[in-house]
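Everything on this sheet refers to the single structure shown next.
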There are 2 protein chains.
Amino acid sequence: MTDTTTYTEAEERIFEAALQAFARKGKDGARMQEIADAAQINKAMLHYYFRSKDKLYAAVFAYVFQRFFAGIGAAVEEAESFEAVLRTFITGYIDFLKDHQDVVRLMVNENLSGGEAVVQQVSTLKSADGNPVRALITRIAQATKTGEIRPVDPFQTALTVLSSCIFFFIVYPTMREMNPGVARDRDGFLEERKAHLIDLLVHGLHPRS
Amino acid sequence: MTDTTTYTEAEERIFEAALQAFARKGKDGARMQEIADAAQINKAMLHYYFRSKDKLYAAVFAYVFQRFFAGIGAAVEEAESFEAVLRTFITGYIDFLKDHQDVVRLMVNENLSGGEAVVQQVSTLKSADGNPVRALITRIAQATKTGEIRPVDPFQTALTVLSSCIFFFIVYPTMREMNPGVARDRDGFLEERKAHLIDLLVHGLHPRS
DNA sequence: GAAAGTGTCAACCATCTGGTTAATCGTTAC
DNA sequence: GTAACGATTAACCAGATGGTTGACACTTTC
C-alpha cells in the first residue's frame, strides 16, 4: 500500500474496506463494525492491527493522499509539445480517477470536514521535491514563456484542469439522476469528456487570436 | 428558508446549525447534540420541531438542493452575446458559492455518501420547467448553432464551467495548505479566478482557428 | 515437548447517540 | 382565576459504538 510498508492479506482486506467506508461516510460516519464485516474479520482484529479508529484513518488517509498526488505525477509526463502534455495528462488522469474513485472520495471528504489530516501530509510532499501539482504548474509556466501557449496564470490554469477532470467523479450521483444517459454509458461519457477537455483547453490556451 | 415555509427564530437557528454540521460531517457524522448546542437550544427541541434526524436532514438537504440550483439559475441571465452570458455566469456563480459554502459542502457530502436524497429532489426540478442546468446547456447549444462559439458538446461544456467554478471551494483546505498565498488573500484569488476562467473559456470557445 | 510468539474470537464495558417523557413555565382565552 | 396551549427543560432509556479482555488455537523455535 504505502511504498515503505508491507501488509498481510488480512491487513490488506481491512485497508481496502476502511478506504471504502471512510470514502463514503467520512471518518466519523464510518463504523468499525462495518469495516470489520466488509473485511470479513472479527472487530477485535481491527484494533489488533491498527490500534484505533484514529490510527486506521490516519494510515488510510496517508495512503490516499500519496496515491492522489502520485496519480497526478504519473499523468504529468515529459513530452515534446505542451499539447502532448495536456493530452496525456487529461487522458491519464481521468483513467486514474476512474480506477481510484474511493481515493477521490476520501480526499474530498477530508477536505469537507476541515482537512486536518491534510496538514501533515502536505509536508511530506514539500520535503520530497516531487510535488506533482507544482510540476504541472511549472510545465504550464514554461509553456507560457516559450510562447507555446497564451500568457495565462499557471496556477489558475492547473486548478482548472484538475477541476475539470475530478469534479465529475464527485457529483456523479447527481449527474446520473439528472441525465440517465451518462450512467447508461459511463465509459463512453468519460471518453467524450477527455476529448472535450483536450479540445477546449487546446483552443483556450492556443496563442494569438 | 424554503420558499413555501416560514420558520420561527428558533427553527431558523436550528436550521442554520444543522446545515453547518451536516455540511462538515455528513448526515451520519453530525451529532444532534452538537446541532442543539450550536443553535443554543435544548436537544429535545430539535425533535419537537423536526421530529427526527432523518426529517431534519431531509428538510435541510431539500433547502440546499433548491438553493444550489437557484444559484445556478440566478447566474444564467439573459444577455445579448454568449460572451456576456459566460461573463455574468462565472462572476455571479462564484460570488454565490462564496456566500453559500455550506450549501456546496452539503451537496457534495450527499453525493459522496451515495446521493439517495438527491433522487427525490431532482424530480422537483424536472416537474417545474426550471432546471437551471438545462437552461445553461440550452444556451450553450444555441450559441453553437448560431456559430457564436465553436461546435462544442453543450453538456460537457456546462459541466466544465460548473466544475471550474465549484471545485476550488471543495478542496480549499488542501489548497490553503499547499499554497498559503491563496488563504492570505482569498477574495483576491477568487477575483483572479473569475478573470482567468472568463479568459480561458472565451478563448476556448471562440470560433475559427 | 514446552515455551514463546502470532492470530483469532466471543463476550464484555464504558460511553455516546438518537429519541422520549413527564413536569414546568409563560401566555392567551374565557 | 383557571383552563388550555405551545414552548422548554432535565432526566431518562434502549441500542449502538469504539475499544478491551481473557481464553484459545496454531505455528515456530530451541
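Chain letters run A, B, ... following the sequence lines, proteins first and then strands; every chain starts at 1.
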Ring centroid separation B:Phe189 to B:Phe168 under 6.0 Å: yes
Would you please test B:Glu110 and A:Thr174 for side chain to side chain contact (heavy atoms under 4.5 Å, CB included) and show each step? CA-CA 9 Å; B:Glu110 173 61 27; A:Thr174 300; over 6 Å; no
Could you tell me whether A:Ala36 contacts a base, only the sugar-phosphate backbone, or nothing, with contacts defined as non-hydrogen atoms closer than 4.0 Å? nothing
Rounded off to whole Å, could you give me the CD1-to-P distance for the B:Ile41 and D:dT9 pair? 8 Å
Ranking C:dT20, C:dG19, D:dT20 by distance to the side chain of A:Ala44, first place goes to D:dT20
Starting from P on C:dC16, measure out to NZ on B:Lys53 and report it in whole angstrom. 16 Å
Rounded to whole angstroms, how far apart are CD1 on B:Ile35 and C1' on C:dG19? 14 Å
Under 4.0 Å between a side-chain N/O of A:Arg31 and OP1 or OP2 of D:dG18, yes or no? yes
Is A:Tyr49 near enough to C:dT6 that one of its side-chain N or O atoms lies under 4.0 angstrom from OP1 or OP2? no
Would you say the base of D:dG19 and the side-chain of A:Lys43 have a donor-acceptor pair closer than 3.5 Å? yes
Separation of A:Glu9 atom CD from C:dG7 atom P, in whole Å? 12 Å
Atom CG of B:Asp28 and atom P of D:dG18 are separated, to the nearest Å, by 11 Å
What is the nucleic acid contact for B:Met45, judged by heavy atoms within less than 4.0 Å: base, sugar-phosphate only, or nothing? base
Starting from the 5' end of DNA chain D, give me the residue, A:Gln33 or B:Asn42, whose nearest nucleotide shows up first. B:Asn42
In whole angstroms, the gap separating P of D:dG22 from NE2 of A:His47 amounts to 17 Å
C:dG19 P sits how many Å from B:Met32 CE, rounded? 5 Å
For the residue pair B:Phe65 and B:Phe61, does the interplanar ring angle fall in the parallel (under 30°), tilted (30 to 60°) or perpendicular (over 60°) class? tilted
Determine the interplanar angle of the A:Phe15 and A:Phe50 rings, folded into 0 to 90°, and report it as parallel if under 30°, tilted if 30 to 60°, perpendicular if over 60°. tilted
Mind checking the CD-CZ spacing from A:Gln20 to A:Arg105? Nearest 0.5 Å is all I need. 8.5 Å
Just to be sure I understand the rule, does B:Phe50 reach a base, reach only the sugar-phosphate, or reach nothing, if contact means heavy atoms closer than 4.0 Å? nothing
Within this structure, what is the NZ-to-C1' distance between A:Lys55 and D:dG19, rounded to whole angstrom? 13 Å
Out of C:dT6, C:dT20, C:dC9, which has the shortest distance to the side chain of A:Tyr48? C:dT6
More 5' along DNA chain C: B:Ser52 or A:Ala10, using each one's nearest nucleotide? A:Ala10
